[in-house]
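Below is one structure, written out as C-alpha coordinates; the observations come after it.
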There are 2 protein chains.
Amino acid sequence: MKNIKPTESELEILNVIWDKGQATVRDVHEVLETQKQSGYTTTLKLMQIMYEKGLLEREASGKSHVYKATIEREEAQGQMLQRMIDNVFSGSASQLVMQALGHHKSTPDELDAIREYLKTLE
Amino acid sequence: MKNIKPTESELEILNVIWDKGQATVRDVHEVLETQKQSGYTTTLKLMQIMYEKGLLEREASGKSHVYKATIEREEAQGQMLQRMIDNVFSGSASQLVMQALGHHKSTPDELDAIREYLKTLE
DNA sequence: CATTTGCTACGAATATATTCGTAATAAAGA
DNA sequence: TCTTTATTACGAATATATTCGTAGCAAATG
(Lines give C-alpha, C1' and ligand atoms only; values in the text may rest on other atoms or scores of the structure.)
Protein backbone atom coordinates (compact mmCIF):
# COMPACT_ATOMS: atom_id res chain seq x y z
CA MET A 1 0.00 0.00 0.00
CA LYS A 2 1.52 3.19 -1.24
CA ASN A 3 1.59 6.20 0.99
CA ILE A 4 1.22 9.44 -0.87
CA LYS A 5 1.50 13.02 0.22
CA PRO A 6 0.77 15.21 -2.76
CA THR A 7 1.73 18.85 -2.63
CA GLU A 8 -0.94 21.44 -3.22
CA SER A 9 -0.13 21.73 -6.94
CA GLU A 10 -0.01 18.00 -7.31
CA LEU A 11 -3.40 17.69 -5.71
CA GLU A 12 -4.88 20.14 -8.21
CA ILE A 13 -3.59 17.95 -10.99
CA LEU A 14 -4.79 14.75 -9.37
CA ASN A 15 -8.27 16.22 -9.01
CA VAL A 16 -8.44 16.88 -12.74
CA ILE A 17 -7.21 13.40 -13.57
CA TRP A 18 -9.57 11.76 -11.11
CA ASP A 19 -12.47 13.68 -12.61
CA LYS A 20 -11.57 12.68 -16.15
CA GLY A 21 -10.23 9.21 -15.50
CA GLN A 22 -7.19 9.97 -17.62
CA ALA A 23 -5.76 13.04 -19.25
CA THR A 24 -2.92 14.50 -21.27
CA VAL A 25 -0.84 17.41 -20.08
CA ARG A 26 -2.88 19.63 -22.35
CA ASP A 27 -6.16 18.37 -20.89
CA VAL A 28 -4.96 19.09 -17.39
CA HIS A 29 -3.51 22.43 -18.31
CA GLU A 30 -6.71 23.63 -19.91
CA VAL A 31 -8.61 22.96 -16.71
CA LEU A 32 -5.99 24.50 -14.45
CA GLU A 33 -5.86 27.62 -16.61
CA THR A 34 -9.45 28.33 -15.78
CA GLN A 35 -8.57 28.25 -12.07
CA LYS A 36 -5.31 30.12 -12.05
CA GLN A 37 -2.86 31.63 -14.45
CA SER A 38 0.07 29.36 -15.25
CA GLY A 39 2.27 28.21 -18.10
CA TYR A 40 1.93 24.97 -20.02
CA THR A 41 5.43 23.80 -19.24
CA THR A 42 4.77 24.28 -15.56
CA THR A 43 1.99 21.75 -15.72
CA LEU A 44 4.15 19.49 -17.86
CA LYS A 45 7.03 19.60 -15.42
CA LEU A 46 4.80 18.89 -12.46
CA MET A 47 3.26 15.92 -14.17
CA GLN A 48 6.70 14.60 -15.08
CA ILE A 49 7.74 14.87 -11.46
CA MET A 50 4.55 13.15 -10.36
CA TYR A 51 5.33 10.39 -12.81
CA GLU A 52 8.84 10.02 -11.37
CA LYS A 53 7.38 9.92 -7.87
CA GLY A 54 4.95 7.24 -8.92
CA LEU A 55 1.87 9.37 -8.38
CA LEU A 56 0.96 9.05 -12.05
CA GLU A 57 1.47 6.42 -14.68
CA ARG A 58 1.51 7.18 -18.37
CA GLU A 59 1.28 5.68 -21.76
CA ALA A 60 2.55 7.06 -25.04
CA SER A 61 -0.22 8.00 -27.42
CA GLY A 62 1.04 9.40 -30.66
CA LYS A 63 3.25 12.32 -29.85
CA SER A 64 1.99 12.79 -26.33
CA HIS A 65 1.37 10.90 -23.13
CA VAL A 66 -1.85 9.92 -21.48
CA TYR A 67 -1.63 10.00 -17.71
CA LYS A 68 -3.60 8.15 -15.06
CA ALA A 69 -3.45 8.33 -11.30
CA THR A 70 -1.82 5.32 -9.66
CA ILE A 71 -4.06 5.64 -6.63
CA GLU A 72 -7.81 5.92 -6.37
CA ARG A 73 -9.36 9.15 -5.21
CA GLU A 74 -11.01 7.47 -2.20
CA GLU A 75 -7.76 5.87 -1.14
CA ALA A 76 -5.94 9.20 -1.33
CA GLN A 77 -8.75 10.96 0.51
CA GLY A 78 -8.54 8.36 3.23
CA GLN A 79 -4.82 8.85 3.64
CA MET A 80 -5.02 12.61 3.75
CA LEU A 81 -7.86 12.44 6.19
CA GLN A 82 -5.93 10.07 8.43
CA ARG A 83 -3.01 12.45 8.40
CA MET A 84 -5.24 15.32 9.39
CA ILE A 85 -6.83 13.29 12.17
CA ASP A 86 -3.41 12.40 13.52
CA ASN A 87 -1.77 15.80 13.18
CA VAL A 88 -4.64 18.15 13.84
CA PHE A 89 -7.22 16.24 15.87
CA SER A 90 -4.95 14.22 18.16
CA GLY A 91 -6.06 11.01 16.54
CA SER A 92 -9.76 11.49 17.20
CA ALA A 93 -11.85 10.95 14.11
CA SER A 94 -15.04 11.79 15.94
CA GLN A 95 -13.61 15.16 16.94
CA LEU A 96 -12.96 15.88 13.32
CA VAL A 97 -16.43 14.77 12.35
CA MET A 98 -18.12 17.01 14.88
CA GLN A 99 -16.02 19.97 13.88
CA ALA A 100 -16.92 19.36 10.27
CA LEU A 101 -20.61 19.08 11.04
CA GLY A 102 -20.59 22.12 13.24
CA HIS A 103 -18.83 24.51 10.96
CA HIS A 104 -20.50 23.72 7.70
CA LYS A 105 -24.22 24.01 7.49
CA SER A 106 -24.98 20.77 5.81
CA THR A 107 -28.36 20.39 4.19
CA PRO A 108 -30.98 18.20 5.92
CA ASP A 109 -30.49 15.67 3.14
CA GLU A 110 -26.83 15.44 3.87
CA LEU A 111 -27.48 15.04 7.56
CA ASP A 112 -29.95 12.27 6.81
CA ALA A 113 -27.40 10.53 4.66
CA ILE A 114 -24.97 10.65 7.54
CA ARG A 115 -27.57 9.25 9.97
CA GLU A 116 -28.29 6.42 7.61
CA TYR A 117 -24.64 5.78 7.28
CA LEU A 118 -24.24 5.69 11.05
CA LYS A 119 -26.86 2.95 11.26
CA THR A 120 -24.85 0.72 8.96
CA LEU A 121 -21.83 1.07 11.22
CA GLU A 122 -23.33 -0.78 14.18
CA MET B 1 -10.26 36.93 10.93
CA LYS B 2 -6.77 35.71 10.32
CA ASN B 3 -6.18 32.94 7.88
CA ILE B 4 -3.38 30.65 8.86
CA LYS B 5 -1.68 27.82 7.04
CA PRO B 6 0.92 26.36 9.34
CA THR B 7 3.56 24.09 7.89
CA GLU B 8 3.97 20.62 9.31
CA SER B 9 6.71 21.69 11.71
CA GLU B 10 4.75 24.74 12.76
CA LEU B 11 1.76 22.57 13.50
CA GLU B 12 3.81 20.37 15.79
CA ILE B 13 4.83 23.43 17.72
CA LEU B 14 1.30 24.80 17.83
CA ASN B 15 0.03 21.52 19.22
CA VAL B 16 2.45 21.73 22.12
CA ILE B 17 1.52 25.33 22.83
CA TRP B 18 -2.20 24.63 22.59
CA ASP B 19 -1.80 21.74 25.02
CA LYS B 20 0.10 23.83 27.50
CA GLY B 21 -1.58 27.18 27.00
CA GLN B 22 1.77 28.87 26.77
CA ALA B 23 5.36 27.74 26.55
CA THR B 24 8.96 28.79 26.23
CA VAL B 25 11.19 27.53 23.47
CA ARG B 26 12.67 25.11 25.96
CA ASP B 27 9.26 23.77 26.95
CA VAL B 28 8.37 23.16 23.34
CA HIS B 29 11.70 21.68 22.51
CA GLU B 30 11.54 19.19 25.34
CA VAL B 31 8.27 17.84 24.04
CA LEU B 32 9.37 17.73 20.42
CA GLU B 33 12.55 15.93 21.36
CA THR B 34 10.50 13.01 22.61
CA GLN B 35 8.85 12.79 19.19
CA LYS B 36 11.81 13.30 16.91
CA GLN B 37 15.43 14.15 17.08
CA SER B 38 16.15 17.83 16.51
CA GLY B 39 18.31 20.67 17.79
CA TYR B 40 17.27 23.35 20.18
CA THR B 41 18.07 26.20 17.82
CA THR B 42 15.90 24.60 15.20
CA THR B 43 12.91 24.92 17.46
CA LEU B 44 13.99 28.42 18.40
CA LYS B 45 14.28 29.52 14.80
CA LEU B 46 10.92 28.06 13.91
CA MET B 47 9.23 29.82 16.79
CA GLN B 48 10.89 33.10 15.81
CA ILE B 49 9.57 32.70 12.30
CA MET B 50 6.12 31.87 13.62
CA TYR B 51 6.30 35.00 15.71
CA GLU B 52 7.21 37.07 12.65
CA LYS B 53 4.35 35.49 10.73
CA GLY B 54 1.96 36.32 13.54
CA LEU B 55 1.21 32.72 14.42
CA LEU B 56 2.61 33.25 17.91
CA GLU B 57 2.80 36.14 20.26
CA ARG B 58 5.40 36.40 22.99
CA GLU B 59 6.30 38.18 26.13
CA ALA B 60 9.70 38.63 27.69
CA SER B 61 10.09 36.79 30.97
CA GLY B 62 13.50 37.23 32.48
CA LYS B 63 16.02 36.13 29.95
CA SER B 64 13.59 34.20 27.80
CA HIS B 65 10.28 34.55 26.03
CA VAL B 66 6.93 32.99 26.78
CA TYR B 67 4.96 32.22 23.66
CA LYS B 68 1.23 31.87 23.09
CA ALA B 69 -0.73 30.98 19.99
CA THR B 70 -2.57 33.90 18.42
CA ILE B 71 -5.34 31.64 17.23
CA GLU B 72 -7.41 29.11 19.13
CA ARG B 73 -6.99 25.46 18.38
CA GLU B 74 -10.64 25.09 17.32
CA GLU B 75 -10.40 28.03 14.97
CA ALA B 76 -7.28 26.61 13.36
CA GLN B 77 -8.82 23.16 13.12
CA GLY B 78 -11.83 24.69 11.42
CA GLN B 79 -9.69 26.46 8.86
CA MET B 80 -7.60 23.43 8.07
CA LEU B 81 -10.70 21.30 7.81
CA GLN B 82 -12.31 23.78 5.46
CA ARG B 83 -9.24 23.73 3.27
CA MET B 84 -9.32 19.96 3.13
CA ILE B 85 -13.01 19.95 2.31
CA ASP B 86 -12.42 22.40 -0.53
CA ASN B 87 -9.28 20.86 -1.95
CA VAL B 88 -9.83 17.17 -1.34
CA PHE B 89 -13.59 16.64 -1.07
CA SER B 90 -14.85 19.04 -3.72
CA GLY B 91 -16.48 21.20 -1.10
CA SER B 92 -18.63 18.47 0.40
CA ALA B 93 -18.35 18.31 4.17
CA SER B 94 -20.67 15.32 4.34
CA GLN B 95 -18.41 13.38 2.00
CA LEU B 96 -15.55 14.02 4.32
CA VAL B 97 -17.61 12.99 7.31
CA MET B 98 -18.63 9.70 5.79
CA GLN B 99 -15.08 8.92 4.71
CA ALA B 100 -13.91 9.65 8.22
CA LEU B 101 -16.56 7.45 9.78
CA GLY B 102 -15.98 4.64 7.34
CA HIS B 103 -12.24 4.39 7.60
CA HIS B 104 -11.75 4.74 11.29
CA LYS B 105 -13.43 2.29 13.54
CA SER B 106 -14.86 4.69 16.05
CA THR B 107 -16.00 3.31 19.36
CA PRO B 108 -19.74 3.00 20.03
CA ASP B 109 -19.38 5.87 22.47
CA GLU B 110 -17.97 8.09 19.82
CA LEU B 111 -20.71 7.15 17.41
CA ASP B 112 -23.29 7.92 20.07
CA ALA B 113 -21.69 11.29 20.64
CA ILE B 114 -21.97 12.01 16.95
CA ARG B 115 -25.63 10.94 16.89
CA GLU B 116 -26.36 13.20 19.81
CA TYR B 117 -24.57 15.97 18.08
CA LEU B 118 -26.61 15.45 14.94
CA LYS B 119 -29.80 15.88 16.92
CA THR B 120 -28.71 19.32 18.06
CA LEU B 121 -28.18 20.38 14.46
CA GLU B 122 -31.83 20.20 13.44
C1' DC C 1 36.45 37.81 39.32
C1' DA C 2 36.54 34.17 35.89
C1' DT C 3 33.92 30.41 34.00
C1' DT C 4 30.02 27.95 32.82
C1' DT C 5 25.31 27.84 31.47
C1' DG C 6 21.25 29.09 29.01
C1' DC C 7 19.13 32.16 26.33
C1' DT C 8 18.27 35.10 21.76
C1' DA C 9 19.57 36.61 17.13
C1' DC C 10 21.10 35.69 12.84
C1' DG C 11 23.37 33.90 8.78
C1' DA C 12 23.96 30.10 5.97
C1' DA C 13 23.45 25.45 4.18
C1' DT C 14 20.28 22.18 2.59
C1' DA C 15 16.00 20.38 0.98
C1' DT C 16 11.75 20.75 -1.38
C1' DA C 17 8.34 22.96 -4.36
C1' DT C 18 7.13 25.97 -8.13
C1' DT C 19 7.71 28.30 -12.38
C1' DC C 20 9.27 28.97 -16.83
C1' DG C 21 12.53 29.43 -20.84
C1' DT C 22 14.87 26.92 -24.41
C1' DA C 23 16.08 23.06 -27.28
C1' DA C 24 14.95 19.01 -29.81
C1' DT C 25 11.74 16.62 -32.47
C1' DA C 26 8.04 15.04 -35.12
C1' DA C 27 3.66 15.89 -37.17
C1' DA C 28 0.62 18.89 -39.70
C1' DG C 29 -0.17 22.31 -42.99
C1' DA C 30 1.05 25.72 -46.75
C1' DT D 1 9.69 20.84 -49.36
C1' DC D 2 9.57 24.50 -46.06
C1' DT D 3 7.27 26.48 -42.14
C1' DT D 4 4.36 26.35 -38.33
C1' DT D 5 2.66 23.97 -34.44
C1' DA D 6 2.40 20.84 -30.57
C1' DT D 7 4.80 17.97 -27.88
C1' DT D 8 8.57 16.23 -24.47
C1' DA D 9 12.85 16.87 -21.85
C1' DC D 10 15.63 19.43 -19.15
C1' DG D 11 18.18 23.07 -16.84
C1' DA D 12 17.83 26.96 -14.12
C1' DA D 13 15.78 30.60 -11.39
C1' DT D 14 12.95 31.56 -7.57
C1' DA D 15 10.41 30.69 -3.47
C1' DT D 16 9.59 28.38 0.76
C1' DA D 17 10.70 25.26 4.59
C1' DT D 18 14.00 23.08 7.61
C1' DT D 19 18.15 22.59 10.13
C1' DC D 20 21.97 24.04 12.59
C1' DG D 21 26.34 26.53 13.78
C1' DT D 22 28.17 30.60 15.79
C1' DA D 23 28.17 34.91 18.15
C1' DG D 24 26.71 37.86 21.74
C1' DC D 25 25.02 38.53 26.20
C1' DA D 26 23.56 38.11 30.91
C1' DA D 27 22.76 35.32 34.87
C1' DA D 28 24.35 31.73 37.84
C1' DT D 29 28.14 29.35 39.76
C1' DG D 30 32.82 28.29 41.40
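To find a chain, count down the sequence lines: A is the first, B the second, and so on, and within it residues start at 1.
One cannot find a donor-acceptor pair under 3.5 Å joining the base of dA27(D) and the side-chain atoms of K63(B).
The side chain to side chain donor-acceptor pair (under 3.5 Å) pairs that include a residue from residues 39-50 of chain A are H29(A)-T43(A), where partners are two or more places apart or lie in different chains.
Other residues, nucleotides and ligands contribute at most 12 non-hydrogen atoms within 6.0 Å of the CD atom of E72(A).
Distance CD (E33(B)) to P (dC20(D)): 11 Å, rounded to an integer number of Å. Following rounding to the nearest Å, H29(B) (NE2) and dT8(C) (P) show an atom-to-atom distance of 12 Å. Y40(A) has its OH atom 15 Å from the C1' atom of dT22(C), to the nearest Å. Taking atom NE2 on H65(A) and atom P on dT25(C), their separation rounds to 16 Å, with Å as the unit. One interatomic measurement links the two molecules: CD1 of I13(A) to P of dA17(C), which rounds to 13 Å at whole-angstrom precision.
L118(B) places a side-chain heavy atom less than 4.5 Å from the side chain of L118(A). Looking only at side-chain heavy atoms (C-beta outward), Q22(B) and E59(B) stay at 4.5 Å or farther from each other. Residues K20(B) and V28(B) have side chains not in contact (no heavy-atom distance under 4.5 Å, counting atoms from C-beta outward). No side-chain heavy atom of L96(A) sits under 4.5 Å from any side-chain heavy atom of Q99(A).
Contacts between residues 41-55 of chain B and DNA chain C, defined by a heavy-atom separation under 4.0 Å, are made by T41(B), L44(B), K45(B), Q48(B). For DNA chain C, the neighbouring residues in residues 18-26 of chain B, judged by any heavy atom under 4.0 Å, are V25(B), R26(B).
Proximity of S38(A) to the phosphate of dT19(C): no side-chain N or O atom is located under 4.0 Å from OP1 or OP2.
Taking a cutoff of 4.0 Å between a charged side-chain nitrogen and a carboxylate oxygen, R83(A) and D86(A) do not qualify as a salt bridge.
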Check the pair E10(A) / I4(A) against side chain to side chain contact (heavy atoms under 4.5 Å, CB included), numbers first and verdict last. CA-CA 11 Å; E10(A) 288 172 345; I4(A) 66 160; over 6 Å; no
